[in-house]
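Reviewing the structure listed below.
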Amino acid sequence: MATRIRDLTSQAGQEATVQGWLVSLRKGGKIRFLVLRDGSGTVQAVVREGEVPPEVWRESGELAQEASLVISGLVRPDQRAPGGVELVVRNMAVVANGADYPITPKEHGVDFLMDHRHLWLRSSRQEAILRIRSQIELFLQTELARLGFVRVDSPILTPSACEGTTTLFETAYFEDKAYLSQSGQLYNEAAAAALGRVYCFGPTFRAEKSKTRRHLMEFWMLEPEMAFASLEDVMDVEERLISALVRHLLAESASDLATLERNPEALAQAAAGDFPRISYEEALAVAAGAGHQVAWGDDFGSPEETAIAAAFDRPVFVHRYPTAAKAFYMQPDPERPEVCLSVDLLAPEGYGEIAGGGQRIHDLELLRRRLQEQGLPEEDYRWYLDLRRWGTQPHAGFGLGIERTLSWLCGLEHVRETIPFPRLLTRLYP
RNA sequence: UCCUCGAUAGCUCAAUGGUAGAGCAUCCGGCUGUUAACCGGAGGGUUGUAGGUUCGAGUCCUACUCGAGGAGCCA
């Protein structure tokens, strides 16, 4: 079994074999430096004429970027080697050489990189982002399990528009039509009445013609749902999850964050928890103070969200939006029915809304009335209404957008880098 | 759908309306410690498409195509 490059430092003075891809080749007259990567790290391999078989010497001079290699040699600490350890090559097998690799160590434009996304993934920045993405997905699920949540997968093919508002991708379902899920929430509510605390995690689809750095047509959402729970419970769980996640990443993904040049100081406050909780009306005042006048009843646009978030040093909850501005299932505040028990979590530094949720309507008649008011056909929601006929209870949940969260945590310019193969308004390739 | 900006070598970019260039990549040569190595040489172009103005258009005008950022909508 070959050694992974990140483990080489512990094998100084020993022979080792590594397998990987050529990042760069620097040639002297009788000495060559091969930088190799294998997904766990990079290492410099040194080839000297006369110290390797003649065919290895010849082949080492003909290698192209991204050639795949198996190299064996002596692991030797050396101040001159990047990372402090290098591999003195004794032998090398060329698994595959190449030519004219499109992505060079120089600058490239976005369109070019997106066209070569399948190769772009090999760059150190993309590696770091994908590792952090994996950490986030793993950690959040582990943490939810610790809190007693059960993962219940919701369907991706759905029979009709669940929320009515957003545009759905339509697909053929034999003689019928089906739509790609835009949220697993309604199904989560059914599952929560079975298991108490549940979450779903999977891709969601929005056929909106959005073309900004915060939008994808296909993105991943983590949606917890709790029976016998309130708006306050939602904020408690969100704050606990996010702050624990930030602490986890600062500890476990420090080197990847460093690769991305993400300053840990920018995340220190979020790691501390204690996220401010302000009402929609308080948020209106904050926006107005920053020069953004929003009329009561209107939702915040992106510039307003950014201004509100900028007033705080950590993520901020904005709760109790106008009922009319939110989805039909949001529970109106019993004391003020014109606002509902909803909450958005806004990330700092202009990253905007990363989570949205709230308390759901549990009263059958109120829910029917809200469906009617929004012009939604009751027969489409028969099973959803059933949840209020038998064993109904106050329940609440939220959806956390993985890509926006990742974008914020990594300090990225655009969510397109947070998902391996982004689906954008004008891009379905590769 | 709307607003703004853009498209020149494989890539990133230059070029007062007057002979289309550079760096990187590629190929050839040199160099025994390189760090985005360096030095010398070579090849590489229907300037997004179609029209127009002009003695002359990469440059000015019109339309279209494609892309980027933003708005709306949202996570």
Side-chain angles (χ1 to χ4, degrees), chain A residues 23-35 42-51 57 61-62 64-66 76 78-84 86 88 98-116 119-120 123-124 163-168 182-185 203-223 238 298-306 325-327 343-347 350-357 398-408 413-416 418-419 424-427:
Chain A
V23 175
S24 72
L25 170 63
R26 290 185 289 273
K27 293 196 270 190
K30 293 177 180 171
I31 186 169
R32 289 166 187 162
F33 300 93
L34 282 56
V35 177
T42 60
V43 69
Q44 169 173 287
V46 188
V47 189
R48 281 199 175 78
E49 187 174 19
E51 296 184 9
W57 174 252
E62 297 168 352
Q65 193 182 344
E66 290 302 308
R76 191 181 67 187
D78 192 308
Q79 291 294 336
R80 294 165 295 184
E86 65 186 14
V88 182
D100 299 328
Y101 185 68
I103 300 180
T104 66
K106 299 291 176 181
E107 284 176 37
H108 297 285
V110 169
D111 195 37
F112 178 81
L113 288 170
M114 290 305 308
D115 276 340
H116 297 85
L119 302 175
W120 188 21
S123 71
S124 57
E163 297 187 28
T165 48
T166 38
T167 323
L168 299 171
Q182 56 161 340
S183 164
Q185 183 214 310
T204 56
F205 308 87
R206 305 270 168 99
E208 283 158 3
K209 301 212 168 181
S210 301
K211 192 176 146 82
T212 79
R213 69 184 68 194
R214 298 180 308 280
H215 286 91
L216 295 165
M217 304 302 110
E218 175 183 316
F219 66 97
W220 285 62
M221 193 153 63
L222 182 81
E223 296 179 273
E238 283 189 51
D298 289 347
D299 208 345
F300 300 112
S302 291
E304 290 79 35
E305 263 186 12
T306 301
K326 289 289 175 181
V343 61
D344 286 351
L345 182 62
L346 308 183
Y351 284 95
E353 184 181 349
I354 58 172
F398 64 96
L400 176 72
I402 294 297
E403 287 77 13
R404 284 190 183 173
T405 303
L406 186 51
S407 192
W408 161 53
E413 290 288 312
H414 199 299
V415 289
R416 67 184 157 222
T418 62
I419 188 165
L424 303 164
L425 186 56
T426 58
R427 179 174 293 280

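All values derive from a computational prediction rather than experimental measurement. Chain letters run A, B, ... following the sequence lines, proteins first, then strands; residues in each count from 1.
When the P atom is used for both B:rA9 and B:rA22, the distance is 14 Å, rounded to whole Å. Comparing B:rU12 with B:rC2, their C1' atoms sit 31 Å apart, to the nearest whole Å. One C1' atom belongs to B:rU65, the other to B:rA50, and the distance between them is 11 Å to the nearest Å. Nucleotides B:rA25 and B:rC11 place their C1' atoms 7 Å apart, quoted to the nearest Å. Nucleotides B:rC61 and B:rG23 place their C1' atoms 34 Å apart, quoted to the nearest Å. As rounded to the nearest Å, B:rU47 and B:rG10 have C1' atoms that lie 16 Å from one another. Taking atom P in both B:rG56 and B:rA15, the straight-line distance is 25 Å, to the nearest Å. B:rG21 sits 13 Å from B:rG44 when the C1' atoms are compared, rounded to a whole Å.
Side-chain N/O atoms of A:E223 and A:S183 include a donor and acceptor closer than 3.5 Å.
If A:G401 and A:F112 are placed on RNA chain B by their nearest nucleotide, the residue sitting closer to the 5' end is A:F112.
Interatomic distance, CG of A:L216 versus OG1 of A:T418, reported as 6.0 Å (0.5 Å rounding). Between the CD atom of A:E403 and the NE2 atom of A:H414 there is a distance of 12.0 Å, given to the nearest 0.5 Å.
Annotation: side chain of A:Q185 is not in contact with side chain of A:T204 (no heavy-atom distance under 4.5 Å). Considering only heavy atoms from C-beta on, A:R26 comes within 4.5 Å of A:V35 through its side chain.
Pairing partner, B:rG58: none, since no Watson-Crick or wobble contact has both distances short of 3.5 Å. B:rU49 and B:rA63 make up a base pair, with Watson-Crick or G-U wobble contacts both under 3.5 Å. Base-pair partner of B:rG44: not found among the strands shown (Watson-Crick or G-U wobble, both distances under 3.5 Å). Checking B:rC24 for Watson-Crick or G-U wobble geometry (two distances, each under 3.5 Å) identifies B:rG10 as its partner. The nucleotide B:rC2 finds its pairing partner in B:rG70, both defining distances of the Watson-Crick or G-U wobble pair being shorter than 3.5 Å.
Here A:F219 packs flat against the base of B:rA75; its ring centre is closer than 5.5 angstrom to the base's six-membered ring, tilted by less than 30 degrees.
Between A:R213 and A:E413 a salt bridge is recorded (basic side-chain N to carboxylate O distance below 4.0 Å).
A:E413 comes within contact range of no nucleotide atom at all, as no heavy-atom separation falls under 4.0 Å. Among the protein residues, A:R416 comes within range of the sugar-phosphate backbone only, with heavy atoms under 4.0 Å from sugar or phosphate atoms but none that close to a base. Within 4.0 Å of A:I103, counting heavy atoms only, lies no atom of the nucleic acid at all. Residue contacts shown for A:D78 include a base, since a base heavy atom lies under 4.0 Å away. If you check every strand for non-hydrogen atoms under 4.0 Å, A:P105 touches a base. Using a 4.0 Å heavy-atom cutoff across all strands shown, A:A355 reaches sugar-phosphate atoms only and no base atom. Among the atoms of the strands shown, base atoms are found under 4.0 Å from some heavy atom of A:Q44. A:G352 comes within 4.0 angstrom of nothing in the nucleic acid, heavy atoms only.
Under 4.0 angstrom from either OP1 or OP2 of B:rA71 there lies no side-chain N or O belonging to A:R213. Dashed line: the shortest gap from a side-chain N or O of A:R214 to OP1 or OP2 of B:rA71 is under 4.0 Å. When the side-chain nitrogen and oxygen atoms of A:H414 are compared with OP1 and OP2 of B:rG69, one or more of them lie within a distance under 4.0 Å. The phosphate of B:rA71 (OP1 or OP2) has a side-chain N or O of A:S302 nearer than 4.0 angstrom. Distances shorter than 4.0 Å separate some side-chain N or O of A:K211 from OP1 or OP2 on B:rA68. Using a 4.0 Å cut-off, some side-chain N or O of A:T426 falls inside it from OP1 or OP2 of B:rA68. For A:T104, no side-chain nitrogen or oxygen approaches OP1 or OP2 of B:rC11 to under 4.0 Å.
Computed from coordinates, the A:L425 CG to B:rC2 P distance equals 13 Å when rounded to whole Å. Rounding to whole angstrom units, CG of residue A:L424 and P of B:rG70 are separated by 12 Å. Here the P atom of nucleotide B:rG30 and the CD atom of A:E49 are 12 Å apart, to the nearest Å. Between the P atom of B:rA14 and the CD atom of A:E107 lies a distance of 12 Å, rounded to the nearest Å. In this structure, A:Y101 places its OH atom 15 Å from P of B:rA25, rounding to the nearest Å. Distance A:R26 CZ to B:rG30 C1': 18 Å, rounded to the nearest Å. The separation between A:R32 atom CZ and B:rU32 atom C1' is 12 Å, rounded to whole Å. With rounding to whole Å, A:R404 atom CZ is found 13 Å from B:rC73 atom P.
Checking B:rA75, B:rU32, B:rA36 against every side-chain atom of A:H215, the shortest atom distance belongs to B:rA75. Taking the side chain of A:R48 as heavy atoms from C-beta on, and the options B:rC74, B:rG72, B:rG33, the nearest nucleotide is B:rG33. Of the candidate nucleotides B:rC74, B:rG33, B:rG72, B:rC74 has the atom lying nearest to any side-chain atom of A:R206. For A:D299, counting side-chain heavy atoms from C-beta on, the closest listed nucleotide (B:rG72, B:rU34, B:rC74) is B:rC74.
Note: A:H116 and A:F112 have tilted aromatic rings, judged against thresholds of 30 and 60 degrees for the angle between ring planes.
Counting atom types as modelled, A:H108 pairs no side-chain N or O with a base atom of B:rC11 as donor and acceptor under 3.5 Å. Counting distance only, with no hydrogens placed and no angle test, the side-chain atoms of A:E86 and the base atoms of B:rG33 include a donor-acceptor pair under 3.5 Å.
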